[in-house]
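See structure below.
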Amino acid sequence: MPQSVALSAWRVCGAAVTGLAHYRAGLPCQDAVAWRNTVRPILALSDGAGSAAVSERGATELVRGMSRFLMSLEDELCAWLDDASGDAKEQAGLWSCRLLAHARGLIEDLADADKRRIEDVRATLSLAVMGTMQVFWWQVGDGAIVAESAGGLQVLASSAKAKGEFANQTSFVDTAGPNDVQFGLLPSAEIHGLALMSDGGAERLVAHDGSRVAARMGTWFGELARQSLGPDRIAAAYHEPAMWERTTLDDRSIVLAARGQEFDQPP
């Protein structure tokens, strides 16, 4: 029988930091993050398109709206994320399409309300939902999702697929189809930490091809598990001079969850 993990075992936090390029130009941060730990942990991260007029509006709407959407459907989520006998793989596929449709609707409604083109609020989106038996992750666009298990740190989504046909392009919620979505399930008992990052947030933490993850990610997971990592500490780390060297100076964001160490003790 697979092991379960109490939803209360997870600690969550995150931060979105304005990149030096935007700071110098007097532009707002186009990344947005949201995390919730009511009933079950939910992580959301969005990176507004750099070419879009007010993409920070789209990013903020997506993380707020999608996290609320997931919270409102708790009865349905528990049926396949907390039940070992359920058909989680089939449900993950159904939910992938459902999430894309709802996210696109949020962006369309925002554009209509602001009397703008949908291209003006264009953004990527990454999500993760913790269950007692399964962890579900979902991504449209670039950025990185990193999981920590007993085997170490690994990147989940394909960076090549996230970028699409051309290296300087990515998928966005308003243009993505089902084949542009990456998603998957992980056994909750095997995962000690999970992080969603924008492409700027991942620049000094994840290799471009996803082959390596910086040891700092493991440090952050450990600190979060001990409840010694918060948004201010993440922001301070992202502002270290070494974190800007040989980068695009893009906005950087991360939202992460880690299991409290007291829950990893043997019975």
Side-chain angles (χ1 to χ4, degrees), residues 5-19 29-48 56 59-71 74 77 81 124-132 135-139 143-149 153-157 186 188 191-206 213-240 243 250-264:
V5 174
L7 296 178
S8 59
W10 295 99
R11 319 299 185 207
V12 294
C13 78
V17 176
T18 304
C29 179
Q30 294 175 327
D31 288 2
V33 295
W35 62 95
R36 298 178 181 273
N37 206 7
T38 302
V39 183
R40 74 178 58 250
I42 295 169
L43 309 179
L45 181 146
S46 181
D47 182 355
E56 69 275 7
T60 299
E61 180 64 21
L62 282 173
V63 299
R64 287 178 179 172
M66 294 305 292
S67 57
R68 287 171 178 165
F69 176 66
L70 288 164
M71 283 183 65
E74 169 58 26
L77 288 172
L81 291 179
T124 68
L125 180 63
S126 298
L127 301 166
V129 186
M130 308 304 184
T132 61
V135 172
F136 174 66
W137 62 269
W138 184 96
Q139 179 175 333
I145 300 181
V146 171
E148 182 183 51
S149 65
L153 299 163
Q154 68 173 117
V155 177
L156 300 180
L186 302 166
S188 299
I191 301 303
H192 301 289
L194 189 76
L196 316 179
M197 287 172 268
S198 65
D199 56 341
E203 273 191 295
R204 299 290 289 177
L205 297 173
V206 179
V213 180
R216 186 167 216 161
M217 281 305 309
T219 300
W220 280 359
F221 284 136
E223 290 176 349
L224 181 56
R226 297 189 298 274
Q227 302 187 69
S228 60
L229 182 75
D232 288 354
R233 190 175 178 89
I234 295 171
Y238 270 141
H239 279 112
E240 293 172 3
M243 290 289 271
D250 194 8
D251 299 330
R252 37 198 59 190
S253 59
I254 185 170
V255 60
L256 60 168
R259 263 167 52 192
Q261 292 186 339
E262 67 271 25
F263 293 91
D264 290 331

**Report entry** Closest approach of W138 to I145 (non-hydrogen atoms, all atoms of both residues)
**Finding:** O-CD1, 4.1 Å

**Report entry** V155 and V213, any side-chain heavy atoms less than 4.5 Å apart
**Finding:** yes

Query raised in the report: Of all heavy-atom pairs between A32 and V63, which one has the smallest distance, and what is that distance?
Result: O-CG1, 3.5 Å

Query raised in the report: Can you tell if the side chain of C13 reaches within under 4.5 Å of the side chain of W220, non-hydrogen atoms only?
Result: no

Requested in this report: Measure the spacing between CE of M71 and CE of M66 and express it to the nearest 0.5 Å.
Outcome: 14.0 Å

Report summary line: Value for CG (L125) from CG (L196), rounded to nearest 0.5 Å, stands at 9.0 Å

Query raised in the report: Who passes salt bridge (Lys or Arg N to Asp or Glu O under 4.0 Å) against E203, sequence neighbours left out?
Result: R252

Report summary line: Tested for side-chain contact (heavy atoms from CB on, under 4.5 Å) against P41, the lone hit among V129, L194, L7, V135 is L7

Query raised in the report: Closest heavy-atom contact between S67 and R64?
Result: OG-O, 3.1 Å

Report task. Quick one: closest heavy-atom pair of W10 and H192, and the distance? Result -> CZ3-O, 3.9 Å

Report summary line: Between L62 and S46 the two heavy atoms that sit nearest each other are CD1-OG, 3.7 Å

Query - Side-chain donor or acceptor of Y238 paired with backbone N/O of M243 under 3.5 Å - result: no

Query raised in the report: Side-chain contact, heavy-atom cut-off 4.5 Å: D47 with D251?
Result: no

Query - From CD (Q30) to OG1 (T124), nearest 0.5 Å - result: 11.0 Å

Query raised in the report: Out of curiosity, Q154 CD to L186 CG, how far, rounded to the nearest 0.5 Å?
Result: 7.0 Å

Query raised in the report: Does the salt bridge (charged side-chain N to carboxylate O under 4.0 Å, His left out) test come out yes or no for R204 and E240, once each step is laid out?
Result: CA-CA 11 Å; R204 299 290 289 177; E240 293 172 3; over 6 Å; no

Report summary line: CD1 of I42 to CD of E74, rounded to nearest 0.5 Å, is 7.5 Å

Query raised in the report: Within the side chain of S228, is there an N or O that forms a donor-acceptor pair under 3.5 Å with the backbone of E223?
Result: yes

Report summary line: Exactly one of D199, T18, D31 clears side chain to side chain donor-acceptor pair (under 3.5 Å) with S253, and that residue is D31

**Report entry** Side-chain heavy-atom pair L45, S198 within 4.5 angstrom cut-off
**Finding:** yes

Requested in this report: Could you pull out the closest heavy-atom pair between I254 and L256, with the gap in Å?
Outcome: CG1-CD2, 4.2 Å

**Report entry** Set of residues satisfying salt bridge (Lys or Arg N to Asp or Glu O under 4.0 Å) with respect to R36, sequence neighbours excluded
**Finding:** none

Report task. Find the distance between CZ (F136) and CG (L77) and round it off to the nearest 0.5 Å. Result -> 9.0 Å

Query - Reference residue R11; test side-chain contact (heavy atoms from CB on, under 4.5 Å); the match among Q227, R259, R226 - result: Q227

Report task. Show your reasoning for whether side chain to side chain contact (heavy atoms under 4.5 Å, CB included) applies to L81 and R40. Result -> CA-CA 10 Å; L81 291 179; R40 74 178 58 250; 4.2 Å; yes

